[in-house]
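Quick caveat: nothing in here was measured; it's all calculated off a predicted structure.
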Amino acid sequence: MRIARFSIDGNVAFGAVEGEGPDGLVLDIIKGIPYGDFELSGTKVPLSKVRLLPPVLPNKVVAIGRNYAEHAKELGNEVPEVPVAFFKPTTSVIGSGDAIEYPSFSNELHHEAELAVVIGRMCREVPRERVKDVIFGYTCANDVTARDAQQREKQWARAKGFDTSCPLGPWVETDLDPADLTIQATVNGQQRQLGRTSDMIRSIEDLVVHITEAMTLLPGDVILTGTPAGVGPLNVGDEVAVTIEGIGTLTNKVIKRG
């Protein structure tokens, strides 16, 4: 099931996405929030009549760096012995169709297409055999990075945590095997990144176990699982799209921060 979060007439709700094709999609409004058991209201609205929002509002986004060997290589880095984890704040999260604001402290903005894991229940110290039980679903993500600031400042808080640096969407797919999916990024229609989730160095199970050894994850929290090779520059006016097999396409335009 595809679960979207949206606004219409000033109201925010979740809905199950039904139908096919850009003109045939409708939202069956969900009663309450979608974590755990929920009911569909039967009230349906065309997707074209709503504004898609970030599919979740995470308490935290835990991102993993250098989880594809070719990406680590293209930036001159070694594959780390343990997963490299960092945070992106809630204020970095935007939805599909929202603008990425080019930060004033950077001259080298990069796209990073990623599969995002959405957590569905509070969990800590999750054993490997229970990982699937705590996952709500999957969505597309773009770990937008101020590459020059990342290299200059060493700590990644500003380079990867600035406002609008974490596009998520367009919705969460709850019924998906993430083991071997095509993941790609295009800029202005030109392909930049193309990889498969099977190329991850550490699996989703590895990452959930590693992260929850240290911290509690809450419903709606997001894990970014790393990016394949092909990251590259974004300029003001560019339109960047992240497409993941079985999920859909997350699209954002880059604007000057005003």
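- With rounding to the nearest 0.5 angstrom, the CZ atom of Phe38 is 12.5 Å from the NZ atom of Lys31.
- Salt-bridge annotation for Asp9 and Lys49: absent, with no side-chain N of the basic residue lying under 4.0 Å from a carboxylate O of the acidic one.
- A donor-acceptor contact shorter than 3.5 Å is absent between the side chain of Ser41 and the backbone of Ile30.
- Both tests pass for Arg158 against the ring of Phe105: distance under 6.0 Å to the centre and angle within 45° of the axis.
- Side-chain contact of Gln193 with Thr227: a donor-acceptor pair under 3.5 Å is present, judged by distance alone.
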Is there a side-chain hydrogen bond (donor to acceptor under 3.5 Å, both in side chains) between His111 and Arg192 once you walk through the steps? CA-CA 9 Å; His111 57 82; Arg192 292 276 191 84; 3.0 Å; yes

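- Between Val56 and Gly220 the shortest heavy-atom distance is CG2-O, 3.7 Å.
- Between atom CE of residue Met215 and atom NE2 of residue His210 there is a gap of 8.0 Å, rounded to the nearest 0.5 Å.
- Residue Arg2 holds its CZ atom at 12.0 Å from CG of Leu176, rounded to the nearest 0.5 Å.
- A salt bridge is absent between Glu101 and Lys256: the closest approach of a Lys/Arg side-chain nitrogen to an acidic carboxylate oxygen does not fall below 4.0 angstrom.
- One finds no salt bridge joining Glu205 and Lys132 here, because no Lys/Arg side-chain nitrogen approaches an Asp/Glu carboxylate oxygen to under 4.0 Å.
- For the pair Arg128 and Asp206, the salt-bridge criterion is met [side-chain N within less than 4.0 Å of a carboxylate O].
- In plain terms, the two heavy atoms of Thr145 and Asp143 that are nearest each other are OG1-O, 2.9 Å.
- Between Met122 and Thr216 the shortest heavy-atom distance is CG-CG2, 3.6 Å.
- Smallest separation of non-hydrogen atoms from Val17 and Ala4: CG2-CB, 3.8 Å.
- For the pair Leu250 and Cys140, the tightest heavy-atom approach, listed with the atom from each and the gap, is CD2-O, 3.7 Å.
- Side-chain N/O atoms of Asn107 and Asp148 include no donor and acceptor closer than 3.5 Å.
- Salt-bridge check for Arg196 with Asp199: failed, with every basic side-chain N at 4.0 Å or more from each acidic carboxylate O.
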